[in-house]
Each structure stands twice: as C-alpha cells, then as structure tokens.
Amino acid sequence: FGQGRRFLGSAGPILDRMRDPDEAIRAEALRALGRIFAGEARMSVMVPGLDDPSPVVRRAAVEGLASAGGAEVVERLERLLDDPDGDVRLLVIETLGRLGRRSAVPRLVAELGRGDRRLDRSVVVALGAIGGRESAQFLAGRLRTADPAQQAVILEALGRIGDERTVPAVLVCLGDPDWSVRSAAV
C-alpha cells in the first residue's frame, strides 16, 4: 500500500499537467500516467484524454488504453471512429485489431469504403487480426468488388483467419489477371 501512495503522490504533478494549454505537454503527461497506473486506475486517467480537443492528446489516450482491453474500453474506442482526425481513427482501428474484440467487427466493417484507402487497409488488417466467422465472411464477400491492392490485403487477412468456408473465394483468385492477387491467394 505504501508503494501505491508513492505512485499516487508522484502522479499528482503529472495529473496537474493534464490542464496545461500545450497539447504536447498534455500528451506526454498521459503517456507518463500510463506508465504509472494499471487497470482501473489507468482507465480513469486515460479515458478523459479521449475527449481532449487536441488530436495529439486523443492519440496518446488511445495508446494508453491499448493494453486495457475491456469491453468498456472497446466501446469508448469505437466512438472515436467518428473522430475528425484521420490519424486518431487509424490508431483506433489498429488498436481494436490488436485487442481482438469480436464485438468491434460490425463497427469496423462500417468504416470501409469511406474514401480513405489507408483506413480501409487498416480495417482489413484489423478484421484479419480479430478473426472469427463474421470477419471471414465479410472479407470473402468483399474480394469480388475490391481493387487488386485491397484484394491482396484481404487475402492475407483471410489466410490469417484460416476459416475453411472462405477457401472457394480464395481459389477463384488463383486465376486473377493481377500477379499480386494470385500471389496473395497462394
């Protein structure tokens, strides 16, 4: 218990930095707090950072929550998929993939096709990391309409998932005119 008080005592000045007008200082304060706290305490200091007006601070909060992984973290992160900053959305997508929560699949699927190829690629990779039947079925269905670059990423994600029901869709790609698609199918 004494060590916990020492951590809390050392965190006080860092917590004060969360009100600093400089976004870089607020972001670094969040990163420091993430190293000090774990579990519920980490969540209680990170979650307010998700609502910070600065995308730099919001990204630091997402990074700090990446190891938490609980259902309420996933729900909070899913809300940030509507963030106006593309880099925040990208980090959230990657984090949801690392957390592997299947409950995030419908929300990730809804992110595809909004015109940002970088985000689309990250969604496919995240779905491959999350796995499961729902991810596999969606990705297999998307194979037919995707461009060759995205088809290759989808095929790699399907390979990672390993759902046998997607084999027929993958086999069709062996005859694709684009060599990168054929290679990914193999």
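Sequential numbering from 1 along the given sequence is applied to the chain's residues. Everything quoted here is computed from the prediction, not taken from an experiment. Values below: all heavy atoms of this structure, side chains included; hydrogens, waters and symmetry mates excluded.
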* **Side-chain donor/acceptor of Arg26 to backbone N/O of Val57, under 3.5 Å** => no
Going by atom type alone, with no hydrogens or angles, which donor-acceptor pairs under 3.5 Å involve a side-chain atom of residues 152-159 and a protein atom two or more places apart or on another chain?
none

* Asked: Checking Ser44 side chain against Ala41 main chain: does a donor-acceptor pair fall under 3.5 Å?
  -> yes
* Asked: Should Val56 and Leu33 be counted in the same cluster of Ile, Leu, Val, Met, Phe, Trp and Tyr side chains packed under 4.5 Å apart?
  -> no
* **Donor-acceptor contact present, side-chain Arg98 to main-chain Ala66, <3.5 Å** => no
* **Electrostatic pair Arg19-Asp16, nearest N-O below 4.0 angstrom** => yes
* **Carboxylate-amine/guanidinium proximity below 4.0 Å for Asp116 and Arg114** => no
* To do: Kindly say whether Arg118 contributes a backbone atom to a donor-acceptor pair with the side chain of Ser122 at under 3.5 angstrom?
  => yes
* Structure fact -> The side-chain contact (heavy atoms from CB on, under 4.5 Å) partner of Leu119 among Val92, Leu112, Asp87, Leu90 is Leu90
* Using side-chain contact (heavy atoms from CB on, under 4.5 Å) as the criterion, point out the one residue from Val74, Val73, Leu81 that pairs with Leu77. => Val73
* For Val124 and Asp120, what are the C-alpha separation, side-chain angles and deciding distance, and is it a side chain to side chain contact (heavy atoms under 4.5 Å, CB included)? -> CA-CA 6 Å; Val124 170; Asp120 284 352; 5.8 Å; no
* To do: Would you please name every residue forming a salt bridge (Lys or Arg N to Asp or Glu O under 4.0 Å) with Glu94, sequence neighbours left out?
  => none
* Does one hydrophobic cluster hold both Leu30 and Ile25, with members joined at side-chain heavy-atom distances below 4.5 Å? -> no
* To do: May I ask you to list the residues sharing a hydrophobic cluster with Leu174, side-chain cutoff 4.5 Å, ordered by chain and number?
  => Val167, Leu171, Val186
* If you count the non-hydrogen atoms of other residues, nucleotides and ligands that lie under 6.0 Å from CZ in Arg31, is the total more than 12? -> yes
* Would you mind telling me which of Arg58, Arg59, Arg89 makes a side-chain hydrogen bond (donor to acceptor under 3.5 Å, both in side chains) with Asp83? => Arg58
* Tell me, yes or no, whether the heavy-atom count around Arg182 atom CZ, taken from other residues, nucleotides or ligands under 6.0 Å, exceeds 12. => yes
